[in-house]
Number of protein chains: 2
Amino acid sequence: MDDRALLNIIRPVCGRETCSDDCAILPLSCGTLVTSTDMLHERSDFPQGMTDWQIGWMSVAVTISDIAAMGAQPIQILLAIGLNTEERLSGIVSGAQACCRKYGATYAGGDLDAHTELTLVSTGIGIITDGTPVRRIGAHVGDCICVTGTLGRAILGLSGDKRYWKDLCEPQPRVHEGIAVRTAGGTAMMDISDGLAISLYDIASESGVGMEISSIRIPLPLDAEREKALEAALFGGGDFELLFFIPENATSTLSIPFSIIGKVTEGSNITMDGEMLQKRGYLHHW
Amino acid sequence: MDDRALLNIIRPVCGRETCSDDCAILPLSCGTLVTSTDMLHERSDFPQGMTDWQIGWMSVAVTISDIAAMGAQPIQILLAIGLNTEERLSGIVSGAQACCRKYGATYAGGDLDAHTELTLVSTGIGIITDGTPVRRIGAHVGDCICVTGTLGRAILGLSGDKRYWKDLCEPQPRVHEGIAVRTAGGTAMMDISDGLAISLYDIASESGVGMEISSIRIPLPLDAEREKALEAALFGGGDFELLFFIPENATSTLSIPFSIIGKVTEGSNITMDGEMLQKRGYLHHW
(Lines give C-alpha, C1' and ligand atoms only; values in the text may rest on other atoms or scores of the structure.)
Protein backbone atom coordinates (compact mmCIF):
# COMPACT_ATOMS: atom_id res chain seq x y z
CA MET A 1 0.00 0.00 0.00
CA ASP A 2 1.32 3.48 -0.81
CA ASP A 3 0.80 6.78 0.98
CA ARG A 4 -1.97 7.95 -1.35
CA ALA A 5 -3.88 4.71 -0.68
CA LEU A 6 -3.42 5.19 3.07
CA LEU A 7 -4.74 8.71 2.72
CA ASN A 8 -7.90 7.22 1.28
CA ILE A 9 -8.26 5.14 4.45
CA ILE A 10 -8.09 8.14 6.75
CA ARG A 11 -10.11 10.54 4.58
CA PRO A 12 -13.42 9.32 6.02
CA VAL A 13 -11.97 9.89 9.51
CA CYS A 14 -10.43 13.32 8.88
CA GLY A 15 -12.90 14.64 6.38
CA ARG A 16 -12.03 15.11 2.73
CA GLU A 17 -11.36 18.84 3.10
CA THR A 18 -8.60 18.10 5.60
CA CYS A 19 -6.59 15.72 3.43
CA SER A 20 -6.73 17.24 -0.03
CA ASP A 21 -4.16 20.02 -0.25
CA ASP A 22 -0.48 20.70 0.37
CA CYS A 23 -1.56 22.56 3.53
CA ALA A 24 -4.42 22.65 6.00
CA ILE A 25 -6.38 25.90 6.00
CA LEU A 26 -7.15 27.87 9.16
CA PRO A 27 -9.25 31.02 8.70
CA LEU A 28 -8.69 33.77 11.28
CA SER A 29 -10.21 37.23 11.42
CA CYS A 30 -6.94 38.87 10.29
CA GLY A 31 -6.18 36.51 7.43
CA THR A 32 -6.06 32.88 6.42
CA LEU A 33 -3.35 30.64 7.81
CA VAL A 34 -2.09 27.61 5.94
CA THR A 35 -0.18 24.94 7.85
CA SER A 36 1.83 21.93 6.78
CA THR A 37 3.99 19.26 8.39
CA ASP A 38 6.53 16.97 6.70
CA MET A 39 8.41 14.01 8.12
CA LEU A 40 11.77 13.09 6.62
CA HIS A 41 14.03 10.15 7.48
CA GLU A 42 17.70 9.82 6.72
CA ARG A 43 17.54 6.54 4.78
CA SER A 44 14.48 7.23 2.63
CA ASP A 45 14.61 10.99 2.15
CA PHE A 46 18.19 12.27 2.27
CA PRO A 47 20.52 11.12 -0.52
CA GLN A 48 23.90 9.91 0.71
CA GLY A 49 26.47 12.64 0.49
CA MET A 50 24.23 15.48 1.64
CA THR A 51 25.78 17.64 4.34
CA ASP A 52 23.98 18.25 7.63
CA TRP A 53 23.49 21.87 6.57
CA GLN A 54 21.74 20.67 3.40
CA ILE A 55 19.62 18.22 5.43
CA GLY A 56 18.47 21.11 7.61
CA TRP A 57 17.84 23.27 4.55
CA MET A 58 15.84 20.58 2.76
CA SER A 59 13.71 19.77 5.81
CA VAL A 60 12.51 23.34 5.90
CA ALA A 61 12.32 23.77 2.12
CA VAL A 62 9.81 20.93 1.66
CA THR A 63 7.42 22.61 4.10
CA ILE A 64 7.94 26.10 2.70
CA SER A 65 7.21 24.62 -0.75
CA ASP A 66 3.84 23.34 0.53
CA ILE A 67 3.05 26.83 1.81
CA ALA A 68 4.16 28.36 -1.50
CA ALA A 69 1.82 25.97 -3.31
CA MET A 70 -1.15 27.58 -1.54
CA GLY A 71 -0.02 31.05 -2.61
CA ALA A 72 0.88 32.02 0.97
CA GLN A 73 3.79 33.78 2.66
CA PRO A 74 5.63 31.50 5.15
CA ILE A 75 5.90 33.15 8.56
CA GLN A 76 7.05 30.50 11.04
CA ILE A 77 8.81 27.12 10.98
CA LEU A 78 9.10 24.62 13.84
CA LEU A 79 11.50 21.70 13.56
CA ALA A 80 11.33 18.46 15.55
CA ILE A 81 14.71 16.73 15.39
CA GLY A 82 15.20 13.06 16.26
CA LEU A 83 18.97 13.04 16.44
CA ASN A 84 21.21 9.98 16.11
CA THR A 85 24.31 11.86 17.25
CA GLU A 86 24.57 15.27 18.87
CA GLU A 87 27.44 16.49 16.63
CA ARG A 88 24.98 16.92 13.77
CA LEU A 89 22.72 19.37 15.56
CA SER A 90 24.39 22.68 14.82
CA GLY A 91 24.82 21.92 11.09
CA ILE A 92 21.20 20.92 10.73
CA VAL A 93 19.92 23.94 12.64
CA SER A 94 22.12 26.33 10.62
CA GLY A 95 20.77 24.96 7.33
CA ALA A 96 17.20 25.15 8.60
CA GLN A 97 17.71 28.73 9.70
CA ALA A 98 19.28 29.77 6.41
CA CYS A 99 16.27 28.45 4.51
CA CYS A 100 13.84 30.23 6.85
CA ARG A 101 15.76 33.46 6.48
CA LYS A 102 15.80 33.29 2.68
CA TYR A 103 12.01 32.91 2.49
CA GLY A 104 11.06 35.35 5.24
CA ALA A 105 9.95 32.86 7.92
CA THR A 106 10.98 32.83 11.57
CA TYR A 107 12.77 29.70 12.76
CA ALA A 108 11.01 29.22 16.09
CA GLY A 109 12.76 26.19 17.58
CA GLY A 110 10.86 22.95 18.06
CA ASP A 111 11.68 19.68 19.78
CA LEU A 112 14.81 17.62 20.33
CA ASP A 113 14.82 13.91 20.76
CA ALA A 114 17.20 10.95 20.49
CA HIS A 115 16.55 8.48 17.69
CA THR A 116 18.47 5.66 16.02
CA GLU A 117 17.76 7.06 12.54
CA LEU A 118 17.93 10.80 11.97
CA THR A 119 14.31 11.97 11.67
CA LEU A 120 13.26 15.53 10.95
CA VAL A 121 9.74 16.91 11.03
CA SER A 122 9.25 20.49 9.95
CA THR A 123 5.98 22.28 10.43
CA GLY A 124 5.25 25.59 8.83
CA ILE A 125 2.69 28.35 9.06
CA GLY A 126 1.94 30.64 6.17
CA ILE A 127 -0.44 33.56 5.92
CA ILE A 128 -2.60 35.22 3.27
CA THR A 129 -4.09 38.58 4.18
CA ASP A 130 -5.30 39.67 0.73
CA GLY A 131 -7.24 36.71 -0.61
CA THR A 132 -7.80 32.99 -0.20
CA PRO A 133 -5.51 29.99 -0.70
CA VAL A 134 -5.20 28.31 -4.09
CA ARG A 135 -6.21 24.69 -3.66
CA ARG A 136 -6.04 21.48 -5.70
CA ILE A 137 -9.72 21.69 -6.35
CA GLY A 138 -10.54 24.53 -8.75
CA ALA A 139 -9.02 23.73 -12.15
CA HIS A 140 -11.57 24.47 -14.91
CA VAL A 141 -11.97 23.13 -18.41
CA GLY A 142 -9.97 25.42 -20.72
CA ASP A 143 -7.46 26.54 -18.07
CA CYS A 144 -3.81 26.56 -19.06
CA ILE A 145 -1.61 23.97 -17.32
CA CYS A 146 1.61 25.68 -16.27
CA VAL A 147 4.84 24.99 -14.40
CA THR A 148 7.61 27.15 -12.97
CA GLY A 149 11.31 26.51 -13.59
CA THR A 150 12.92 23.57 -15.38
CA LEU A 151 12.00 20.06 -14.32
CA GLY A 152 13.94 16.83 -13.79
CA ARG A 153 17.03 18.36 -12.27
CA ALA A 154 16.73 16.67 -8.89
CA ILE A 155 16.57 13.14 -10.29
CA LEU A 156 19.39 13.88 -12.73
CA GLY A 157 21.43 14.95 -9.71
CA LEU A 158 20.45 11.82 -7.80
CA SER A 159 21.48 9.59 -10.70
CA GLY A 160 25.01 10.96 -10.65
CA ASP A 161 25.05 14.09 -12.79
CA LYS A 162 27.10 16.40 -10.59
CA ARG A 163 25.78 19.52 -12.32
CA TYR A 164 22.42 18.94 -10.64
CA TRP A 165 23.56 17.75 -7.23
CA LYS A 166 22.90 21.13 -5.64
CA ASP A 167 19.42 21.28 -7.23
CA LEU A 168 18.69 18.00 -5.48
CA CYS A 169 20.10 18.93 -2.08
CA GLU A 170 19.15 22.59 -1.81
CA PRO A 171 15.70 22.94 -3.34
CA GLN A 172 14.47 26.51 -3.77
CA PRO A 173 10.76 26.70 -3.01
CA ARG A 174 8.75 29.03 -5.21
CA VAL A 175 7.27 31.39 -2.63
CA HIS A 176 7.30 34.54 -4.74
CA GLU A 177 5.91 32.61 -7.73
CA GLY A 178 3.10 31.01 -5.67
CA ILE A 179 1.93 34.39 -4.44
CA ALA A 180 2.09 35.77 -8.00
CA VAL A 181 -0.04 32.91 -9.30
CA ARG A 182 -2.64 33.44 -6.57
CA THR A 183 -2.93 37.17 -7.12
CA ALA A 184 -3.13 36.69 -10.91
CA GLY A 185 -6.13 34.38 -10.51
CA GLY A 186 -4.64 30.86 -10.49
CA THR A 187 -7.44 28.29 -10.08
CA ALA A 188 -5.47 25.32 -8.69
CA MET A 189 -1.90 24.68 -7.60
CA MET A 190 0.46 22.18 -5.95
CA ASP A 191 4.17 21.53 -5.88
CA ILE A 192 5.55 18.70 -8.01
CA SER A 193 7.88 17.22 -5.41
CA ASP A 194 6.44 13.75 -6.14
CA GLY A 195 6.83 14.18 -9.92
CA LEU A 196 4.80 15.96 -12.59
CA ALA A 197 2.66 13.00 -13.72
CA ILE A 198 1.28 12.03 -10.31
CA SER A 199 0.68 15.71 -9.52
CA LEU A 200 -1.41 16.13 -12.69
CA TYR A 201 -3.46 13.10 -11.57
CA ASP A 202 -3.88 14.58 -8.08
CA ILE A 203 -5.23 17.89 -9.40
CA ALA A 204 -7.41 16.18 -12.01
CA SER A 205 -8.94 13.96 -9.35
CA GLU A 206 -9.62 16.85 -6.94
CA SER A 207 -10.95 19.16 -9.64
CA GLY A 208 -12.88 16.53 -11.60
CA VAL A 209 -11.30 17.32 -14.96
CA GLY A 210 -9.12 15.79 -17.66
CA MET A 211 -5.87 17.16 -19.05
CA GLU A 212 -3.75 17.09 -22.17
CA ILE A 213 -0.12 18.06 -22.15
CA SER A 214 2.56 18.23 -24.78
CA SER A 215 5.97 16.70 -24.00
CA ILE A 216 7.76 19.22 -26.17
CA ARG A 217 6.52 22.06 -23.95
CA ILE A 218 7.83 20.61 -20.69
CA PRO A 219 10.79 22.78 -19.66
CA LEU A 220 13.88 20.57 -19.24
CA PRO A 221 17.52 21.44 -18.58
CA LEU A 222 18.99 22.30 -21.99
CA ASP A 223 22.26 20.54 -21.40
CA ALA A 224 20.79 17.21 -20.26
CA GLU A 225 19.93 14.15 -22.33
CA ARG A 226 16.34 14.81 -23.35
CA GLU A 227 14.79 11.35 -22.84
CA LYS A 228 16.37 10.92 -19.43
CA ALA A 229 15.38 14.41 -18.33
CA LEU A 230 11.79 13.93 -19.50
CA GLU A 231 11.48 10.64 -17.58
CA ALA A 232 12.90 12.38 -14.48
CA ALA A 233 10.50 15.31 -14.82
CA LEU A 234 7.40 13.18 -15.31
CA PHE A 235 7.97 10.31 -12.92
CA GLY A 236 10.88 11.30 -10.69
CA GLY A 237 10.28 13.84 -8.00
CA GLY A 238 12.42 16.12 -5.89
CA ASP A 239 11.78 19.18 -8.06
CA PHE A 240 10.16 21.82 -5.89
CA GLU A 241 8.58 23.66 -8.76
CA LEU A 242 4.91 24.65 -8.89
CA LEU A 243 2.26 23.14 -11.13
CA PHE A 244 -0.56 25.64 -11.55
CA PHE A 245 -3.73 26.23 -13.53
CA ILE A 246 -4.92 29.59 -14.76
CA PRO A 247 -7.43 30.91 -17.30
CA GLU A 248 -5.72 31.80 -20.57
CA ASN A 249 -6.77 35.44 -20.37
CA ALA A 250 -5.09 35.77 -16.95
CA THR A 251 -1.67 34.50 -18.07
CA SER A 252 -0.69 37.93 -19.39
CA THR A 253 -0.89 39.43 -15.88
CA LEU A 254 1.58 36.89 -14.47
CA SER A 255 4.86 38.63 -13.74
CA ILE A 256 6.99 35.50 -13.28
CA PRO A 257 8.72 33.14 -15.75
CA PHE A 258 6.58 30.05 -16.43
CA SER A 259 5.82 27.48 -19.13
CA ILE A 260 2.40 26.49 -20.47
CA ILE A 261 2.51 22.70 -20.98
CA GLY A 262 -1.12 21.95 -21.84
CA LYS A 263 -4.84 22.53 -21.30
CA VAL A 264 -7.53 21.29 -18.93
CA THR A 265 -10.13 19.18 -20.75
CA GLU A 266 -13.48 17.60 -20.02
CA GLY A 267 -13.64 14.00 -18.81
CA SER A 268 -10.97 12.45 -16.62
CA ASN A 269 -8.25 11.27 -19.03
CA ILE A 270 -4.76 12.64 -18.80
CA THR A 271 -2.87 12.44 -22.07
CA MET A 272 0.55 13.46 -23.28
CA ASP A 273 1.06 13.87 -27.03
CA GLY A 274 -2.33 12.21 -27.47
CA GLU A 275 -1.53 9.06 -25.44
CA MET A 276 -2.53 8.17 -21.88
CA LEU A 277 0.03 9.43 -19.39
CA GLN A 278 1.22 6.81 -16.91
CA LYS A 279 0.13 7.42 -13.34
CA ARG A 280 3.29 6.93 -11.34
CA GLY A 281 5.67 8.98 -9.29
CA TYR A 282 7.32 9.08 -5.92
CA LEU A 283 5.34 7.15 -3.31
CA HIS A 284 6.20 5.78 0.10
CA HIS A 285 5.38 2.07 0.18
CA TRP A 286 4.54 -0.11 3.16
CA MET B 1 24.38 14.90 27.10
CA ASP B 2 20.67 15.48 27.84
CA ASP B 3 18.09 17.51 25.96
CA ARG B 4 18.38 20.55 28.22
CA ALA B 5 22.15 20.61 27.61
CA LEU B 6 21.58 20.34 23.86
CA LEU B 7 19.14 23.22 24.08
CA ASN B 8 21.97 25.29 25.52
CA ILE B 9 24.00 24.52 22.39
CA ILE B 10 21.35 25.76 19.99
CA ARG B 11 20.19 28.75 22.05
CA PRO B 12 22.88 31.00 20.62
CA VAL B 13 21.74 29.94 17.12
CA CYS B 14 17.98 30.27 17.67
CA GLY B 15 18.01 33.14 20.10
CA ARG B 16 17.09 32.73 23.75
CA GLU B 17 13.53 33.94 23.26
CA THR B 18 12.85 31.10 20.83
CA CYS B 19 13.91 28.25 23.09
CA SER B 20 12.61 29.19 26.51
CA ASP B 21 8.91 28.29 26.69
CA ASP B 22 6.55 25.41 26.09
CA CYS B 23 5.52 27.15 22.87
CA ALA B 24 6.88 29.62 20.35
CA ILE B 25 4.99 32.92 20.20
CA LEU B 26 3.71 34.43 16.96
CA PRO B 27 1.95 37.81 17.29
CA LEU B 28 -0.67 38.57 14.63
CA SER B 29 -2.97 41.56 14.34
CA CYS B 30 -6.01 39.53 15.49
CA GLY B 31 -4.37 37.83 18.45
CA THR B 32 -1.26 36.00 19.57
CA LEU B 33 -0.59 32.49 18.30
CA VAL B 34 1.41 29.98 20.29
CA THR B 35 2.85 26.96 18.50
CA SER B 36 4.49 23.78 19.70
CA THR B 37 5.82 20.55 18.22
CA ASP B 38 6.56 17.27 20.03
CA MET B 39 8.26 14.16 18.74
CA LEU B 40 7.39 10.81 20.33
CA HIS B 41 8.88 7.38 19.60
CA GLU B 42 7.39 4.04 20.42
CA ARG B 43 10.28 2.65 22.47
CA SER B 44 11.12 5.71 24.53
CA ASP B 45 7.75 7.43 24.91
CA PHE B 46 4.90 4.92 24.82
CA PRO B 47 4.74 2.41 27.68
CA GLN B 48 4.19 -1.17 26.53
CA GLY B 49 0.53 -2.08 26.73
CA MET B 50 -0.84 1.21 25.45
CA THR B 51 -3.42 0.84 22.69
CA ASP B 52 -3.00 2.60 19.35
CA TRP B 53 -5.96 4.81 20.29
CA GLN B 54 -4.12 5.86 23.47
CA ILE B 55 -0.92 6.46 21.48
CA GLY B 56 -2.85 8.80 19.19
CA TRP B 57 -4.48 10.50 22.18
CA MET B 58 -1.20 11.00 24.00
CA SER B 59 0.60 12.37 20.93
CA VAL B 60 -1.94 15.15 20.72
CA ALA B 61 -2.29 15.64 24.49
CA VAL B 62 1.40 16.47 24.98
CA THR B 63 1.14 19.30 22.47
CA ILE B 64 -2.19 20.58 23.76
CA SER B 65 -0.62 20.62 27.22
CA ASP B 66 2.16 22.89 25.94
CA ILE B 67 -0.48 25.23 24.54
CA ALA B 68 -2.42 25.11 27.81
CA ALA B 69 0.77 26.05 29.66
CA MET B 70 0.84 29.37 27.79
CA GLY B 71 -2.77 30.10 28.77
CA ALA B 72 -3.99 29.67 25.17
CA GLN B 73 -6.89 27.93 23.47
CA PRO B 74 -5.74 25.13 21.11
CA ILE B 75 -7.26 25.60 17.64
CA GLN B 76 -5.46 23.22 15.27
CA ILE B 77 -3.34 20.06 15.45
CA LEU B 78 -1.24 18.50 12.69
CA LEU B 79 0.14 15.00 13.12
CA ALA B 80 3.09 13.51 11.21
CA ILE B 81 2.94 9.74 11.50
CA GLY B 82 5.92 7.49 10.75
CA LEU B 83 4.13 4.17 10.64
CA ASN B 84 5.72 0.74 11.08
CA THR B 85 2.57 -1.08 9.95
CA GLU B 86 -0.51 0.27 8.22
CA GLU B 87 -2.99 -1.54 10.48
CA ARG B 88 -2.24 0.89 13.27
CA LEU B 89 -3.24 4.01 11.36
CA SER B 90 -6.96 4.16 12.03
CA GLY B 91 -6.59 3.54 15.79
CA ILE B 92 -3.95 6.22 16.12
CA VAL B 93 -5.93 8.76 14.09
CA SER B 94 -9.12 8.06 16.07
CA GLY B 95 -7.35 8.65 19.37
CA ALA B 96 -5.75 11.83 18.04
CA GLN B 97 -9.10 13.09 16.83
CA ALA B 98 -10.83 12.32 20.12
CA CYS B 99 -8.26 14.38 22.02
CA CYS B 100 -8.59 17.29 19.57
CA ARG B 101 -12.36 17.20 19.87
CA LYS B 102 -12.29 17.19 23.67
CA TYR B 103 -10.14 20.31 23.81
CA GLY B 104 -11.74 22.26 20.98
CA ALA B 105 -8.98 21.93 18.35
CA THR B 106 -9.38 20.90 14.72
CA TYR B 107 -7.49 17.79 13.66
CA ALA B 108 -6.16 18.99 10.32
CA GLY B 109 -4.34 15.94 8.96
CA GLY B 110 -0.57 16.02 8.55
CA ASP B 111 1.93 13.68 6.95
CA LEU B 112 2.22 9.92 6.53
CA ASP B 113 5.47 8.09 6.20
CA ALA B 114 6.88 4.59 6.59
CA HIS B 115 9.30 4.04 9.46
CA THR B 116 10.79 1.07 11.26
CA GLU B 117 9.86 2.47 14.68
CA LEU B 118 6.50 4.15 15.14
CA THR B 119 7.23 7.89 15.35
CA LEU B 120 4.62 10.56 15.94
CA VAL B 121 5.13 14.29 15.77
CA SER B 122 2.21 16.49 16.71
CA THR B 123 2.26 20.21 16.11
CA GLY B 124 -0.33 22.50 17.61
CA ILE B 125 -1.48 26.06 17.23
CA GLY B 126 -3.19 27.91 20.05
CA ILE B 127 -4.57 31.42 20.16
CA ILE B 128 -5.04 34.19 22.70
CA THR B 129 -7.24 37.08 21.66
CA ASP B 130 -7.67 38.80 25.04
CA GLY B 131 -4.18 39.09 26.45
CA THR B 132 -0.65 37.78 26.16
CA PRO B 133 0.87 34.33 26.79
CA VAL B 134 2.11 33.36 30.24
CA ARG B 135 5.78 32.47 29.90
CA ARG B 136 8.46 30.83 32.06
CA ILE B 137 10.05 34.19 32.64
CA GLY B 138 7.90 36.33 34.92
CA ALA B 139 7.80 34.72 38.37
CA HIS B 140 8.36 37.38 41.05
CA VAL B 141 9.64 37.18 44.60
CA GLY B 142 6.63 36.64 46.85
CA ASP B 143 4.48 34.89 44.22
CA CYS B 144 2.66 31.74 45.27
CA ILE B 145 3.91 28.52 43.66
CA CYS B 146 0.86 26.50 42.62
CA VAL B 147 -0.06 23.27 40.83
CA THR B 148 -3.27 21.86 39.38
CA GLY B 149 -4.52 18.33 40.09
CA THR B 150 -2.77 15.54 41.99
CA LEU B 151 0.77 14.62 41.04
CA GLY B 152 2.68 11.35 40.63
CA ARG B 153 -0.15 9.33 39.12
CA ALA B 154 1.54 8.66 35.78
CA ILE B 155 4.68 7.15 37.29
CA LEU B 156 2.61 5.12 39.78
CA GLY B 157 0.75 3.76 36.76
CA LEU B 158 3.98 3.04 34.92
CA SER B 159 5.38 1.15 37.90
CA GLY B 160 2.48 -1.28 37.90
CA ASP B 161 -0.33 0.26 39.94
CA LYS B 162 -3.30 -0.48 37.69
CA ARG B 163 -5.44 2.26 39.29
CA TYR B 164 -3.24 4.85 37.57
CA TRP B 165 -2.70 3.16 34.22
CA LYS B 166 -5.27 5.34 32.51
CA ASP B 167 -3.76 8.50 34.03
CA LEU B 168 -0.49 7.51 32.38
CA CYS B 169 -1.93 6.61 28.96
CA GLU B 170 -4.67 9.21 28.56
CA PRO B 171 -3.31 12.45 30.02
CA GLN B 172 -5.84 15.25 30.32
CA PRO B 173 -4.21 18.58 29.49
CA ARG B 174 -5.31 21.54 31.58
CA VAL B 175 -6.60 23.89 28.90
CA HIS B 176 -9.40 25.47 30.91
CA GLU B 177 -7.11 25.83 33.92
CA GLY B 178 -4.32 27.44 31.86
CA ILE B 179 -6.66 30.07 30.51
CA ALA B 180 -8.03 30.70 34.02
CA VAL B 181 -4.50 31.22 35.38
CA ARG B 182 -3.66 33.67 32.58
CA THR B 183 -6.79 35.76 33.01
CA ALA B 184 -6.37 35.82 36.82
CA GLY B 185 -2.86 37.31 36.44
CA GLY B 186 -0.51 34.30 36.56
CA THR B 187 3.10 35.49 36.20
CA ALA B 188 4.77 32.28 34.93
CA MET B 189 3.61 28.80 33.92
CA MET B 190 4.68 25.48 32.38
CA ASP B 191 3.46 21.92 32.41
CA ILE B 192 5.22 19.42 34.65
CA SER B 193 5.43 16.59 32.14
CA ASP B 194 9.15 16.19 32.95
CA GLY B 195 8.50 16.16 36.73
CA LEU B 196 7.88 18.87 39.31
CA ALA B 197 11.48 19.34 40.50
CA ILE B 198 13.07 19.98 37.09
CA SER B 199 10.17 22.26 36.18
CA LEU B 200 10.75 24.38 39.29
CA TYR B 201 14.41 24.67 38.24
CA ASP B 202 13.39 25.65 34.69
CA ILE B 203 11.15 28.49 35.87
CA ALA B 204 13.64 29.63 38.51
CA SER B 205 16.36 29.82 35.89
CA GLU B 206 14.21 31.71 33.37
CA SER B 207 12.79 34.10 35.97
CA GLY B 208 16.00 34.58 37.98
CA VAL B 209 14.48 33.70 41.34
CA GLY B 210 14.70 31.12 44.13
CA MET B 211 11.90 29.00 45.53
CA GLU B 212 10.86 27.21 48.69
CA ILE B 213 8.25 24.50 48.69
CA SER B 214 6.75 22.31 51.37
CA SER B 215 6.45 18.56 50.70
CA ILE B 216 3.32 18.30 52.83
CA ARG B 217 1.49 20.68 50.48
CA ILE B 218 2.19 18.73 47.29
CA PRO B 219 -1.13 17.16 46.25
CA LEU B 220 -0.69 13.37 45.97
CA PRO B 221 -3.21 10.58 45.34
CA LEU B 222 -4.74 9.83 48.75
CA ASP B 223 -4.79 6.09 48.24
CA ALA B 224 -1.13 5.73 47.21
CA GLU B 225 1.90 5.07 49.39
CA ARG B 226 3.07 8.55 50.31
CA GLU B 227 6.85 8.22 49.89
CA LYS B 228 6.53 6.53 46.53
CA ALA B 229 3.98 9.04 45.28
CA LEU B 230 6.12 12.00 46.40
CA GLU B 231 9.17 10.61 44.59
CA ALA B 232 7.03 10.12 41.46
CA ALA B 233 5.62 13.64 41.66
CA LEU B 234 8.98 15.34 42.16
CA PHE B 235 11.26 13.37 39.88
CA GLY B 236 9.05 11.24 37.65
CA GLY B 237 7.15 12.91 34.89
CA GLY B 238 4.18 12.09 32.72
CA ASP B 239 1.78 14.21 34.78
CA PHE B 240 0.30 16.83 32.51
CA GLU B 241 -0.59 19.21 35.30
CA LEU B 242 0.32 22.89 35.33
CA LEU B 243 2.87 24.54 37.57
CA PHE B 244 2.05 28.22 37.86
CA PHE B 245 3.03 31.34 39.76
CA ILE B 246 0.65 34.05 40.86
CA PRO B 247 0.67 36.97 43.29
CA GLU B 248 -1.00 36.02 46.58
CA ASN B 249 -3.69 38.69 46.24
CA ALA B 250 -4.72 37.27 42.85
CA THR B 251 -5.28 33.71 44.07
CA SER B 252 -8.78 34.54 45.30
CA THR B 253 -9.95 35.33 41.74
CA LEU B 254 -8.89 31.90 40.45
CA SER B 255 -11.99 29.85 39.73
CA ILE B 256 -10.27 26.45 39.41
CA PRO B 257 -9.09 23.89 41.98
CA PHE B 258 -5.38 24.28 42.71
CA SER B 259 -2.81 23.78 45.49
CA ILE B 260 -0.31 26.32 46.79
CA ILE B 261 2.92 24.43 47.44
CA GLY B 262 5.34 27.24 48.23
CA LYS B 263 6.66 30.76 47.61
CA VAL B 264 9.08 32.44 45.26
CA THR B 265 12.16 33.75 47.09
CA GLU B 266 15.19 35.88 46.34
CA GLY B 267 18.43 34.26 45.23
CA SER B 268 18.56 31.10 43.17
CA ASN B 269 18.20 28.22 45.65
CA ILE B 270 15.31 25.82 45.44
CA THR B 271 14.50 24.17 48.75
CA MET B 272 11.91 21.70 49.97
CA ASP B 273 11.25 21.59 53.72
CA GLY B 274 14.34 23.75 54.16
CA GLU B 275 16.74 21.47 52.26
CA MET B 276 18.08 21.78 48.72
CA LEU B 277 15.78 20.08 46.23
CA GLN B 278 17.54 17.69 43.85
CA LYS B 279 17.59 18.84 40.24
CA ARG B 280 16.53 15.78 38.34
CA GLY B 281 13.60 14.61 36.25
CA TYR B 282 12.79 13.13 32.89
CA LEU B 283 15.49 13.84 30.33
CA HIS B 284 16.33 12.34 26.98
CA HIS B 285 19.97 11.24 26.97
CA TRP B 286 22.33 10.84 24.05
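Keep in mind the model is a prediction, meaning the values are calculated, not measured. Chain letters run A, B, ... following the sequence lines, proteins first, then strands; residues in each count from 1.
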Check: With Asp111(A), which residues qualify under salt bridge (Lys or Arg N to Asp or Glu O under 4.0 Å), at least two apart?
Finding: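 Counting only residues at least two positions away or on another chain, Asp111(A) forms no salt bridge (Lys or Arg N to Asp or Glu O under 4.0 Å).
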Note to self: If I measure from the heavy atoms of chain B, does Ile125(A) come under 4.5 Å with its side chain, its backbone, both, or neither?
What the structure shows: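 Just the side chain, heavy atoms under 4.5 Å.
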Checklist line | Set of residues satisfying side-chain hydrogen bond (donor to acceptor under 3.5 Å, both in side chains) with respect to Thr119(A), sequence neighbours excluded | finding: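 Here the qualifying residues are His41(A).
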Item checked: Set of residues satisfying side-chain hydrogen bond (donor to acceptor under 3.5 Å, both in side chains) with respect to Ser65(A), sequence neighbours excluded ->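 For Ser65(A) the side-chain hydrogen bond (donor to acceptor under 3.5 Å, both in side chains) partners, ignoring immediate neighbours, are Asp191(A).
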Next item on the list: Quick one: pull up NE2 in His115(A) and CD in Glu117(B) and give me the separation to the nearest 0.5 Å.
Entry: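 Going from NE2 on His115(A) over to CD on Glu117(B), the span is 5.0 Å.
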Check: Can you tell me how far CG of Asp38(A) sits from CG of Asp113(B), rounded to the nearest 0.5 angstrom?
Finding: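 Asp113(B) CG to Asp38(A) CG: 9.5 Å, rounded to 0.5 Å.
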Next item on the list: For Leu26(B) and Gln76(A), work out which heavy atoms get closest and say how close.
Entry: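 So the minimum-distance heavy-atom pair works out to CB-NE2, 3.9 Å.
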Notebook entry, point to check: Of all heavy-atom pairs between Met39(B) and Val121(A), which one has the smallest distance, and what is that distance?
Noted result: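 Of all heavy-atom pairs spanning Met39(B) and Val121(A), the closest is CE-CG2, 4.1 Å.
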Item checked: Within residues 28-37 of chain A, residues adjacent to chain B where the heavy-atom gap is under 4.5 Å ->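 Near chain B, by residue number: Leu28(A), Ser29(A), Cys30(A), Leu33(A), Thr35(A), Ser36(A), Thr37(A).
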